Protein chains: 2
Amino acid sequence: MLYEECISGGLKMTVQRRIIADCLDEADDHPDVDAIYRRAVEKDSSVSIATVYRTIGIFEKAGLIQPIDIVDSNKRYEVKRERHDHLVDVETGQIHEFKSPSIENLVREIALEMGFDVSDFQLQVYGSKVGGKECPCYRIKVY
Amino acid sequence: MLYEECISGGLKMTVQRRIIADCLDEADDHPDVDAIYRRAVEKDSSVSIATVYRTIGIFEKAGLIQPIDIVDSNKRYEVKRERHDHLVDVETGQIHEFKSPSIENLVREIALEMGFDVSDFQLQVYGSKVGGKECPCYRIKVY
DNA sequence: ATACATGCAAAAATTTTGCGACTCT
DNA sequence: AGAGTCGCAAAATTTTTGCATGTAT
């Protein structure tokens, strides 16, 4: 739980931070700041958007959450876990997570050839269901 | 040249679009909207920020330029060429480009296993020079 | 000629901040 | 008690838009 991570990370835990941490823990999607704010307000209507921004900034700096950049979307967040990547269904906008040690190894290998140690990397894949019918109305992005 | 791409793409070419296209063509870095705007104004001080936004939107929708999301940075743009990835030196902020057919194949393979055809993907790698000394002052992001 | 692009300035959307009050530890 | 956090509202940023005018085809 993010909440415990915060405490062991030495963060002062206020009710607001607890609420925001809970929202992030409970999210099975990848909410943006506004979505987190709306969910937090449901739990306690007094939570302010300023606190959400400040708290997300603190969680991020502490390495407890991870920002995700998806084309045609605001910046989203997820609780940091094992590193993994994202496959965006361009028909529906749905985001699928996946892991691939081979990609990870390959990335590190290539970076090393360039003389770099990898501290992190992010991979966003955009695609559509094999054999799926076209549905431009929901399409996020066509390349 | 992006300029010619625009014409063959059937876009009405105004002097402003020409200027913005030139700025993008000439950029060897990865400018954000404001940087593009400032460079465009140098060529013709009457170019407005609204036109820069509108033009970038049009170029992007036409598939002529590519947005790049780098942590702790505004959205950046580059002229679309062969697909390639970005390695960000977290000490200096410098962005190196690289290509890797093996990563590309691997990504397509994994997506296919998940039942998806890949239309595009983006990979941003963050790292620091092997053996390089620490210099937190310029560090973009520490994970 | 006319459909579309532009600049301007206002508006909308997003993010940050100063400050007095409040609350964890 | 004291350092740090919160809500609020103002400010700063970033992005979009309406409209009268201008321009490429």
Side-chain angles (χ1 to χ4, degrees), chain A residues 2-24 30-62 64-65 67-77 141, chain B residues 2-24 30-62 64-65 67-77 141:
Chain A
L2 181 50
Y3 167 64
E4 279 114 27
E5 297 283 323
C6 293
I7 293 175
S8 46
L11 293 186
K12 185 191 274 189
M13 280 316 278
T14 62
V15 293
Q16 291 87 347
R17 285 183 186 178
R18 172 68 190 260
I19 288 171
I20 293 165
D22 287 348
C23 289
L24 286 159
H30 302 80
D32 63 7
V33 171
D34 191 58
I36 296 167
Y37 171 59
R38 280 182 281 105
R39 293 173 201 184
V41 163
E42 273 184 33
K43 292 176 190 281
D44 179 338
S45 64
S46 76
V47 173
S48 78
I49 186 72
T51 295
V52 174
Y53 273 105
R54 283 190 275 230
T55 303
I56 287 176
I58 286 164
F59 286 177
E60 189 181 343
K61 217 177 314 185
L64 301 174
I65 62 176
I68 310 166
D69 283 305
I70 299 294
V71 170
D72 282 1
S73 163
N74 289 336
K75 191 186 290 193
R76 294 153 171 267
Y77 294 90
K141 184 79 193 166
Chain B
L2 180 49
Y3 169 64
E4 279 112 28
E5 297 284 322
C6 293
I7 292 174
S8 45
L11 295 186
K12 185 190 275 190
M13 281 316 276
T14 63
V15 292
Q16 292 86 346
R17 285 182 184 179
R18 172 69 192 259
I19 287 170
I20 293 166
D22 286 347
C23 289
L24 285 159
H30 302 80
D32 63 9
V33 171
D34 190 58
I36 296 167
Y37 171 59
R38 280 181 282 107
R39 293 173 200 184
V41 163
E42 272 183 32
K43 292 175 188 283
D44 178 338
S45 63
S46 77
V47 173
S48 77
I49 186 72
T51 295
V52 174
Y53 273 104
R54 282 190 276 231
T55 303
I56 287 176
I58 286 164
F59 286 177
E60 188 180 343
K61 216 176 315 184
L64 301 174
I65 62 175
I68 311 166
D69 283 305
I70 299 293
V71 171
D72 283 359
S73 163
N74 289 335
K75 191 185 289 192
R76 295 152 171 269
Y77 294 90
K141 184 79 192 167

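In what follows, every chain begins at residue 1, and chains take the letters A, B, ... in the order their sequences are listed. Treat the numbers as computed from the prediction; the structure is a model and nothing was measured. Only heavy atoms go into these numbers, but all of them, side chains included; no hydrogens, no water, no symmetry mates.
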Review point. Rounded to whole angstrom units, what separation is found between the CG atom of B:N74 and the C1' atom of D:dA12?
Key: 13 Å
Review point. Taking only side-chain nitrogens and oxygens of B:Y53, does any of them come within less than 4.0 Å of OP1 or OP2 of D:dT16?
Key: no
Review point. Counting any heavy atom closer than 4.0 Å, what does A:D34 reach on the DNA or RNA strands: base, sugar-phosphate only, or nothing?
Key: nothing
Study note, to complete from the structure: A:K61 NZ to D:dG4 C1', in whole Å, measures 14 Å
Exercise for review: Have a look at A:L64 and tell me which of A:L24, A:I58, A:L2 forms a side chain to side chain contact (heavy atoms under 4.5 Å, CB included) with it.
Suggested key: A:L2
Review point. Atom CG of A:D32 and atom P of C:dT14: how far apart are they, to the nearest Å?
Key: 8 Å
Review point. Would B:V33 and B:I56 count as a side-chain contact (heavy atoms from CB on, under 4.5 Å) if you check the C-alpha gap in whole Å, the side-chain angles of each, and the deciding distance to 0.1 Å?
Key: CA-CA 8 Å; B:V33 171; B:I56 287 176; 3.9 Å; yes
**Study point:** From CG (B:L11) to CD (B:E5), nearest 0.5 Å
**Key:** 10.5 Å
Exercise for review: Compare every heavy atom of B:D72 with every heavy atom of A:E60, then report the nearest pair and how far apart it is.
Suggested key: OE2-OD1, 4.5 Å
Exercise for review: List the steps, then state whether side-chain contact (heavy atoms from CB on, under 4.5 Å) holds for B:I20 with B:T51.
Suggested key: CA-CA 9 Å; B:I20 293 166; B:T51 295; 4.2 Å; yes
Exercise for review: Take the protein atom CG of B:D72 and the nucleotide atom P of C:dT16, then report the distance between them rounded to whole Å.
Suggested key: 10 Å
Revision key, fill the gap. Under a 4.0 Å heavy-atom criterion, the protein footprint on nucleotides 5-11 of chain C, written with B, S and -, is SSBB---
Practice item. Assign each of B:M13 and B:V33 to its nearest nucleotide of DNA chain D by heavy atoms, then name whichever residue's nucleotide is nearer the 5' end. Key: B:V33
**Study point:** Axis-to-axis angle between the two ends of the helix from C:dA1-D:dT25 to C:dT25-D:dA1 (five base pairs per end, rounded to 10 degrees)
**Key:** 50°
Review point. Once you round it to whole Å, what is the distance between C1' of C:dT16 and NZ of A:K75?
Key: 14 Å
Practice item. Report the C-alpha distance between B:S73 and B:D32 in whole Å, list the side-chain angles of each, state the deciding distance to 0.1 Å, and finish with yes or no for side-chain contact (heavy atoms from CB on, under 4.5 Å). Key: CA-CA 9 Å; B:S73 163; B:D32 63 9; 6.0 Å; no
**Study point:** Main-chain N/O of B:V52 paired to B:T55 side chain as donor or acceptor, under 3.5 Å
**Key:** no
**Study point:** Euclidean distance, A:K12 NZ relative to A:R17 CZ, rounded to 0.5 Å
**Key:** 8.0 Å
Review point. Is there a donor-acceptor pair under 3.5 Å between the side chain of B:R76 and the backbone N or O of B:H30?
Key: yes
Review point. How many Å lie between CD on A:E60 and C1' on C:dT15, as a whole number?
Key: 13 Å
Point to revise | Length of the line joining A:Y37:OH and C:dA13:P, which is rounded to integer Å | key: 15 Å
Review point. How close or far is atom P of D:dA24 from atom CD1 of B:I19, stated in whole angstroms?
Key: 12 Å
